[in-house]
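Scroll down for the structure; my scribbles are underneath it.
Whatever order the structure lists ligands and atoms in, that order sets their numbers, starting from 1.
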Amino acid sequence: MKHRIYDSKGKKVPVRMCASCMGRFEKKDLVRIVKLADGNIVVCNDEPSSKRTFGRGAYICKNKDCILKAQKTHALERSFKGKVPKEIYEVLLELDE
Ligand SMILES: [Zn+2]
């Protein structure tokens with residue numbers, strides 16, 4: 001999961017892997033989905049770094065194609081080893097404009 005890319009100034013840019021297309025992107029282009037300790041799954045968009053949500057996380061691109069693909073291929077279910085409510089996909093799809 002840990003892989004680094006560099007921006008034009010040679011600065012390290014943290015990247016994460018999309019659970020759907022397996023591409024590596026900067027965090028700002030991805031949305032984080034977390035399975036909490038109680039089993040609930042939440043979408044953490046624009047999470048403030050001071051208020052981390054702990055749990056098993058997965059990242060997905062903020063674009064419709066990737067989200068629909070994830071729904072079709074059950075990519076998130078595989079990441080979380082359990083069911084992902086369809087409301088989660090509805091929230092994710094709203095992020096893509
Ligand atoms: Zn993707």
Side-chain angles (χ1 to χ4, degrees):
M1 217 53 182
K2 282 206 174 130
H3 180 82
R4 302 244 174 211
I5 55 170
Y6 295 85
D7 68 12
S8 55
K9 289 171 191 146
K11 217 179 140 216
K12 277 181 189 174
V13 178
V15 294
R16 294 292 180 274
M17 192 175 75
C18 168
S20 178
C21 66
M22 302 297 173
R24 290 175 190 279
F25 304 98
E26 289 182 47
K27 280 173 87 172
K28 66 174 168 60
D29 296 324
L30 299 165
V31 57
R32 185 166 173 251
I33 304 135
V34 175
K35 186 172 188 175
L36 305 172
D38 61 8
N40 283 323
I41 293 173
V42 292
V43 176
C44 308
N45 193 38
D46 300 324
E47 97 192 78
S49 53
S50 58
K51 199 176 156 232
R52 301 282 305 211
T53 309
F54 292 100
R56 189 185 173 82
Y59 289 85
I60 191 165
C61 299
K62 283 183 201 171
N63 76 62
K64 214 173 154 188
D65 289 345
C66 257
I67 297 157
L68 291 174
K69 189 183 161 205
Q71 191 167 20
K72 216 172 134 189
T73 62
H74 304 286
L76 293 175
E77 272 90 346
R78 277 203 305 274
S79 288
F80 293 125
K81 297 181 170 50
K83 247 185 111 49
V84 175
K86 76 174 198 321
E87 289 75 20
I88 291 291
Y89 292 102
E90 285 164 10
V91 172
L92 290 172
L93 285 168
E94 276 171 26
L95 297 174
D96 179 40
E97 280 159 32

Side-chain donor-acceptor contacts of residues 64-71 below 3.5 Å, not counting sequence neighbours, with atom names and distances?
| residue | atom | partner | partner atom | Å |
| --- | --- | --- | --- | --- |
| K69 | NZ | S20 | O | 3.3 |

(request) Please name the pair of heavy atoms, one in K62 and one in D96, separated by the smallest distance, quoted to 0.1 Å. (result) O-OD1, 3.4 Å

(message) If I compare all heavy atoms of L76 with all of A19, which pair ends up nearest, and what's the gap?
(response) CD2-CB, 4.2 Å

(message) Tell me whether R32 contacts the main-chain N or O of K27 through its side chain, where contact means a donor paired with an acceptor under 3.5 Å.
(response) no

(request) Report the residues that fulfil salt bridge (Lys or Arg N to Asp or Glu O under 4.0 Å) with K28, sequence neighbours left out, ordered by chain and then residue number. (result) E26

(message) Can you list everything that forms a side-chain contact (heavy atoms from CB on, under 4.5 Å) with E77? Sequence neighbours excluded, please.
(response) H74, V84, Y89

(request) Return the number of protein N, O or S atoms with a distance to the Zn ion (ligand 1) smaller than 2.8 Å. (result) 4

